[in-house]
S.K.: 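Have a look at this one.
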2 protein chains.
Amino acid sequence: MSDTPENVLVEHVLDAISDQRLRAGTKLGEQALSDLFSCNRAHVRRALAILAAYHVVDLIPNRGAFVSTPSEDEARDLFQARRAIEVTIIRNVVRRADEADIANLRAHLATEDEIRQQNDRSKAIRASRDFHMLLARIGRNSVLEHYLAELTMRTSLIIGLYGSKSASLCSDDEHVRIVQSVADRDAVTAQEMVDYHLRHIEGEIEFGDEAPKVGPLSMIFPSSRTGR
Amino acid sequence: MSDTPENVLVEHVLDAISDQRLRAGTKLGEQALSDLFSCNRAHVRRALAILAAYHVVDLIPNRGAFVSTPSEDEARDLFQARRAIEVTIIRNVVRRADEADIANLRAHLATEDEIRQQNDRSKAIRASRDFHMLLARIGRNSVLEHYLAELTMRTSLIIGLYGSKSASLCSDDEHVRIVQSVADRDAVTAQEMVDYHLRHIEGEIEFGDEAPKVGPLSMIFPSSRTGR
DNA sequence: TTTGTTTTAATTGTTAACAATTTATGTTAA
DNA sequence: TTAACATAAATTGTTAACAATTAAAACAAA
């Protein structure tokens with residue numbers, strides 16, 4: 001994807017959401033964004049339209065753009081979609097992964113292990129999402145990969161909004177077992193593991209108590225004014 | 001979805017694509033669109049950004065917007081995604097459809113039957129797509145419904161680009177059998193039928209010979225200047 | 001005719017100014 | 001103090017003008 005100003009903006013917002021720096025309900029003002037990313041309002045508006053198409057932002061006429069706050073129903077639909085997509089992805093992975101891919105997966109597990117010992121929640125969330133996206137890339141279906149990118153983003157939003165019982169949101173043991181079944185070329189087990197893993201994540205979410213605190217945007221995008 | 005000028009434009013373009021009036025590769029000039037839909041260029045630009053996010057339009061810097069021309073690989077990825085999503089949808093349908101839903105499905109089959117006798121290819125394509133989207137709506141998963149809307153759109157593009165061996169692209173017999181298994185509450189058969197049906201459609205596509213002819217936009221959007 | 005070059009036209013990209021709307025602030029009365 | 005109202009500020013929506021780039025046309029040379 002090319003490095004137009006609007007794409008830069010979209011990527012930064014998506015990163016901030018998947019790191020849970022940007023929380024559900026946060027207002028994304030046009031002026032604020034155009035200042036932070038030093039571009040004009042036309043670019044900001046295009047970027048917000050794209051983010052709205054990704055279901056990550058709600059555009060309210062005359063009011064502005066807000067990070068979307070998914071309902072519980074939406075969250076459950078979303079997890080069902082993730083299961084449908086990721087189970088298909090893992091089937092592709094078992095079929096298509098070569099030695100290098102499996103090595104990359106093992107390396108990623110090691111990274112996750114390191115991060116878990118640092119107790120950095122933000123990093124852990126990111127690493128967990130990266131694991132799922134690594135599988136998607138190895139599966140080599142660009143359509144499924146793109147949809148999963150959108151869905152993991154929205155999952156981050158949901159977990160940030162409702163909270164999760166488990167501190168680390170992906171128990172890495174499950175990741176390990178998924179990789180093992182891929183290495184064993186055991187498609188049936190791999191699919192079952194992925195399905196179980198996603199149901200586990202969904203089950204840990206504590207629907208009911210929302211936490212809508214938000215801060216100023218300048219706190220959320222610290223390094224973006226250097227961008228070009 | 002609200003009736004902002006850009007949404008009107010997006011809907012018209014999507015309709016034109018799913019009816020195969022707009023073919024892959026067609027240039028969507030900003031001036032032309034803003035004239036046809038009597039809105040300003042800012043609206044057009046936003047609409048094009050949204051369509052690009054839906055993967056229906058390619059945005060090339062300094063060149064403009066073009067209806068995207070999916071490759072064969074992309075098409076195969078897309079059909080695998082459809083199978084993953086529609087098989088999940090049909091499971092929801094079998095579980096959730098009430099009597100009214102099943103009546104609607106039967107009514108739709110009757111409509112398809114009528115249209116087949118008229119020999120109107122454009123109408124047939126539209127009706128076929130509507131059948132799949134009706135199932136998605138009955139399944140009551142908004143995430144899957146939205147993704148399927150995008151995928152059926154892109155499927156229309158692919159069939160319009162590469163052509164299909166069968167004149168009618170959905171043999172309605174298969175639709176009938178899907179509805180029957182829904183009415184029987186037979187989830188296993190319904191899933192098998194949907195999977196088979198989608199593989200059938202994919203198998204009928206004649207990859208290899210492209211047909212890139214396009215006409216002027218004013219021929220494609222005949223009734224849109226009245227759209228206020 | 002065909003090829004390459006220059007000139008012209010058309011299209012996209014960018015910016016700024018202004019209008020319309022919403023939000024925040026301040027004031028007055030109960 | 002609270003509530004309602006009027007005013008001011010900030011934000012979003014709209015439009016037009018201009019710059020930059022690309023496509024088309026005209027023309028000259030082989």
Side-chain angles (χ1 to χ4, degrees), chain A residues 1-11 13 22 25-53 56-69 212-221 224-225 227-228, chain B residues 1-11 13 22 25-53 56-69 212-221 224-225 227-228:
Chain A
M1 197 168 259
S2 57
D3 257 15
T4 58
E6 50 264 35
N7 284 335
V8 171
L9 218 158
V10 167
E11 287 303 320
V13 170
L22 256 183
T26 308
K27 166 146 194 182
L28 298 173
E30 295 184 4
Q31 189 86 286
L33 289 174
S34 68
D35 289 350
L36 275 165
F37 293 93
S38 54
C39 60
N40 56 37
R41 271 178 60 211
H43 289 140
V44 172
R45 283 175 137 252
R46 263 167 71 123
L48 291 175
I50 293 167
L51 289 166
V56 163
V57 156
D58 289 331
L59 242 43
I60 303 174
N62 291 320
R63 296 277 314 280
F66 300 84
V67 178
S68 70
T69 65
K213 301 161 210 165
V214 291
L217 287 188
S218 50
M219 291 281 100
I220 290 160
F221 299 106
S224 46
R225 46 169 8 126
R228 183 56 195 299
Chain B
M1 199 169 256
S2 56
D3 256 16
T4 58
E6 50 263 34
N7 284 336
V8 172
L9 217 159
V10 167
E11 287 304 320
V13 170
L22 257 182
T26 308
K27 165 146 195 182
L28 298 173
E30 296 184 3
Q31 191 86 284
L33 289 174
S34 68
D35 290 349
L36 275 165
F37 293 92
S38 54
C39 61
N40 56 37
R41 272 178 60 212
H43 289 141
V44 173
R45 286 180 134 248
R46 264 167 69 122
L48 291 175
I50 292 167
L51 289 166
V56 163
V57 156
D58 290 331
L59 242 43
I60 304 176
N62 291 319
R63 296 277 315 281
F66 300 84
V67 179
S68 70
T69 66
K213 302 160 207 163
V214 291
L217 286 189
S218 51
M219 290 283 101
I220 290 159
F221 299 105
S224 46
R225 47 174 3 131
R228 174 21 205 339

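Throughout, protein chains are lettered first and strands after them, A, B, ... in sequence-line order, and every chain is numbered starting at 1.
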S.K.: Contact boundaries of DNA chain C with chain A (under 4.0 Å, heavy atoms), 5' to 3'?
M.R.: C:dT14 to C:dT23

S.K.: Which distance, rounded to the nearest 0.5 Å, do you find between the CD of B:Glu11 and the CG of B:Leu51?
M.R.: 9.5 Å

S.K.: Would you check if the side chain of A:Ser38 reaches a backbone N or O of A:Asp35 as a donor-acceptor pair within less than 3.5 Å?
M.R.: no

S.K.: Any chance you could measure A:Leu9, atom CG, to A:Leu36, atom CG, to the nearest 0.5 Å?
M.R.: 9.0 Å

S.K.: Mind running a 4.0 Å heavy-atom check of residues 39-48 of chain B against DNA chain D and sending the residues that fall below it, in number order?
M.R.: B:Asn40, B:Ala42, B:His43

S.K.: Within the side chain of A:Asn7, is there an N or O that forms a donor-acceptor pair under 3.5 Å with the backbone of A:Val10?
M.R.: no

S.K.: Look up atom NE2 in A:His43 and atom CG in A:Leu33, then write down how far apart they are to the nearest 0.5 Å.
M.R.: 13.5 Å

S.K.: Which atoms of nucleotides 23-25 of chain D (N or O only) lie under 3.5 Å from a protein N or O atom, and what are those distances?
M.R.:
residue: D:dA23; atom: OP1; partner: B:Arg63; partner atom: NE; Å: 2.2
residue: D:dA23; atom: OP1; partner: B:Arg63; partner atom: NH2; Å: 3.4

S.K.: The criterion is salt bridge (Lys or Arg N to Asp or Glu O under 4.0 Å); which residues satisfy it with B:Glu30, sequence neighbours excluded?
M.R.: B:Arg41, B:Arg45

S.K.: For a quick test of reading the model, state the closest non-hydrogen atom pair linking A:Arg46 to B:Ala49 and the distance between them.
M.R.: CG-CB, 4.4 Å

S.K.: So, using side-chain contact (heavy atoms from CB on, under 4.5 Å) as the criterion, who are the partners of A:Ala65 when residues are at least two apart?
M.R.: A:Leu28, A:Leu48, A:Val57, A:Leu59

S.K.: Would you name the heavy atoms of B:Val44 and B:Cys39 that are closest together and state the gap between them?
M.R.: CG2-SG, 4.0 Å

